[in-house]
Amino acid sequence: MSAVAGPAPGALLGAPLAAALAAATEDRIVYDLAGIEERHDTLRRELPGVEVRFAMKACPLDEVLTALARRGAGADAAGPGEVEQALRAGVPVARIHYGNTVKSDRNIADAHRLGIRTFATDSVQDVAALAVHAPGARVFCRVATAGTGAVWGLSDKFGCSPDDAVRVMEHARDAGLVPAGLSVHVGSQQMTGEAWHAAVEDLGEVLRRLDRRGIRVDHVNLGGGLPALGYRDRRGTPLDPPLDKIFAVIREGTDELRRIHGGPLDFVIEPGRHLVADHGAIRAHVARLTERRGADGERRHWLYLSCGKFNGLYEMDGLQYRLVFPTHSGGPTVRAVVAGPTCDSDDAYSHEEGLVPVPAALASGDPVWILSSGAYATSYTTVGFNGFAPLPHTWADRAGGGRCR
């Protein structure tokens, strides 16, 4: 986290969010719904012809889904529960796909019953289950990536090698399914264009090999990974993703894959944090600013907030959020470890890598605004670990103030 003292954060957040945060007297997360819509529209302009399927896990709120659906976006759902929510929010079933390669027989059957006809896969075992419980369904095979260049590079849990992708698609065809597409995911908060370039090379190889086997897919899913713009890394250095370059590489990549394919080829992308992170901010408060000597003999300041890893800031292990202290302008600062309120040692930032400058005069109850915290704040949270409740959410009003939900 990076501290920003004073009541006027300026370019760090828009006027609607600032007004809603200033009006809030209790802890909550505030979203600028119009800002999310504008980010979606900008993405569509940058990637013309690429269909947007919002990664619901990043912000599973009905209002966000409904607003994005009105802009033409679909949904990337990870299970029947998300499918049902997307349908309730008004997303047409034809614009929802089951993007999780991990699913039980019951998951598949339930999603198929709800009308889902397009499923992600990455193994022949999953293909066999789809053939039984979603007969005739369309499948797209996820090709694994290294995740190099991303803040969260993902793991080996999802995706298969290009060799296995060819084998999986052949099994899908032979099982009576439609081998409809390929997909990748270059890692969450991807900071390089090179990651998408490498993914396009792998996808091109698989397309060529499938074509030689008479399998002609109709779409490529470019997955998630598009970055938010307002983060800092674990040491407090601003993350500055080369977004223009990333968009240019993706545009060039879609052209190249169409050339390799030699026919019509649609494209889908699954943004999550890119759409919502910078248009959400948390109003929390200071529990206590303390100073004490630890077991290692080092004397440190600790800033305990009312919001932490388990009720809104789950990603505190990978980055720092910007902090604004609206009731403190100027004055001396101290460098502190930032931590949440629970009795859990994981509920704290890494003090080995990034102490945060905070006002020395902070007192219990002082408000703090946590910027660019709109992604995963309402999903990566507990139902009340240690008695600390999840945050309620509010919508910023472009005319000022907010509407609570």
Side-chain angles (χ1 to χ4, degrees), residues 20 28-41 43-44 51-120 130 133-134 137-140 183 219 221 223-224 268-277 279-280 311-312 314 373-384 389-398 402-405:
R28 63 191 65 255
I29 181 165
V30 182
Y31 285 99
D32 180 0
L33 198 58
I36 294 172
E37 294 171 337
E38 290 168 7
R39 180 65 61 86
H40 168 272
D41 294 349
L43 176 59
R44 291 299 305 271
E51 182 181 350
V52 173
R53 299 274 177 97
F54 176 57
M56 293 177 59
K57 62 185 179 182
C59 187
L61 299 177
D62 290 345
E63 296 90 340
V64 171
L65 292 169
T66 298
L68 290 174
R70 286 198 299 261
R71 314 302 281 194
D76 164 41
E82 286 192 341
V83 171
E84 289 179 328
Q85 182 185 1
L87 291 171
R88 288 196 307 270
V91 182
V93 70
R95 295 208 299 261
I96 305 171
H97 63 239
Y98 197 133
N100 191 353
T101 62
V102 181
K103 44 196 178 292
S104 68
D105 292 353
R106 181 173 179 176
N107 292 156
I108 296 169
D110 286 347
H112 191 259
R113 174 181 51 79
L114 291 167
I116 300 304
R117 296 296 181 264
T118 303
F119 294 78
L130 285 164
H133 301 287
R138 294 162 46 82
V139 298
F140 60 96
S183 74
H219 78 283
N221 185 326
V268 173
I269 199 162
E270 300 173 353
R273 73 173 69 249
H274 178 73
L275 296 181
V276 299
H279 298 291
N311 62 335
Y314 182 83
S373 54
Y376 298 100
T378 58
S379 49
Y380 278 165
T381 189
T382 68
V383 295
L391 294 167
H393 63 274
T394 299
W395 303 109
D397 189 335
R398 284 286 167 131
R403 305 187 305 278
C404 189
R405 295 290 186 274

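Contact record, Gly90 with Ala69: O-CB, 4.1 Å, taken as the closest heavy-atom pair. Contact detail for Val52 and Pro271: the closest heavy-atom pair is CG1-CG, 3.7 Å. The minimum heavy-atom distance between Ala89 and Leu65, with the atom names listed, is CB-CB, 3.7 Å. Considering all non-hydrogen atoms of both residues, Ile96 and Pro92 come closest at CG1-O, 3.5 Å. Residues Val91 and Gly74 share a closest heavy-atom pair of CG1-CA, 3.9 Å. The shortest heavy-atom contact between Val30 and Ala20 is CG1-CB, 3.5 Å.
Of the possible polar contacts, none joining the Ser379 side chain to the Pro60 backbone as a donor-acceptor pair under 3.5 Å is found. Formation of a donor-acceptor pair under 3.5 Å by the Arg39 side chain with backbone atoms of His274 is found in this model. In this structure, Tyr31 contributes its side chain and His393 its backbone to no donor-acceptor pair below 3.5 Å. Judged by distance alone, the side chain of Asn100 and the main-chain N or O of Ala78 form a donor-acceptor pair under 3.5 Å.
Ring geometry for His97 against Phe140 counts as perpendicular: the plane angle is over 60°, on a 0 to 90° scale with 30° as the lower cut. In this pair, Tyr376 and Tyr380 present their aromatic rings parallel. The plane angle is below 30°, not in the 30 to 60° band.
Remark: Lys103 fails to qualify as a cation-pi partner of Phe119 under the 6.0 Å distance and 45° angle criteria applied to the six-membered ring.
Among pairs with a residue in residues 81-95, those fulfilling side chain to side chain donor-acceptor pair (under 3.5 Å) read Asp62-Gln85, at least two apart in sequence or across chains.
Classification of Arg113 and Asp110 as a salt-bridged pair holds, one side-chain N sitting under 4.0 Å from a carboxylate O.
The closest side-chain heavy-atom distance from Asn311 to Thr382 is not below 4.5 Å. Between Leu391 and Thr381, the closest side-chain pair of non-hydrogen atoms is not below 4.5 Å. Side-chain contact between Phe54 and Ile36: absent, with no pair of heavy atoms (C-beta onward) separated by less than 4.5 Å.
For the atom pair OG of Ser183 and NE2 of His219, the computed distance is 7.5 Å after rounding to the nearest 0.5 Å. Taken from CG in Asp76 to CD1 in Ile269, the straight-line distance is 11.5 Å, to the nearest 0.5 Å.
Residues meeting the side-chain hydrogen bond (donor to acceptor under 3.5 Å, both in side chains) test with Asn107, sequence neighbours left out: Ser104. Evaluation of the side chain to side chain contact (heavy atoms under 4.5 Å, CB included) rule for Thr101 yields Ala120, Asp122, Arg142, Phe158 as partners, not counting sequence neighbours. By the side chain to side chain contact (heavy atoms under 4.5 Å, CB included) test, Glu37 pairs with Ala34, Ala67, Arg70, Arg71, sequence neighbours left out. Taking Asp32 as the reference, Arg398 meet the side-chain hydrogen bond (donor to acceptor under 3.5 Å, both in side chains) condition, with sequence neighbours excluded. Residues satisfying the ring pair (Phe, Tyr, Trp, His ring centres under 6.0 Å) test with His133, not counting sequence neighbours, are none.
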query = Given Leu114 and Val93, is the side chain to side chain contact (heavy atoms under 4.5 Å, CB included) satisfied, shown in steps?
reply = CA-CA 8 Å; Leu114 291 167; Val93 70; over 6 Å; no
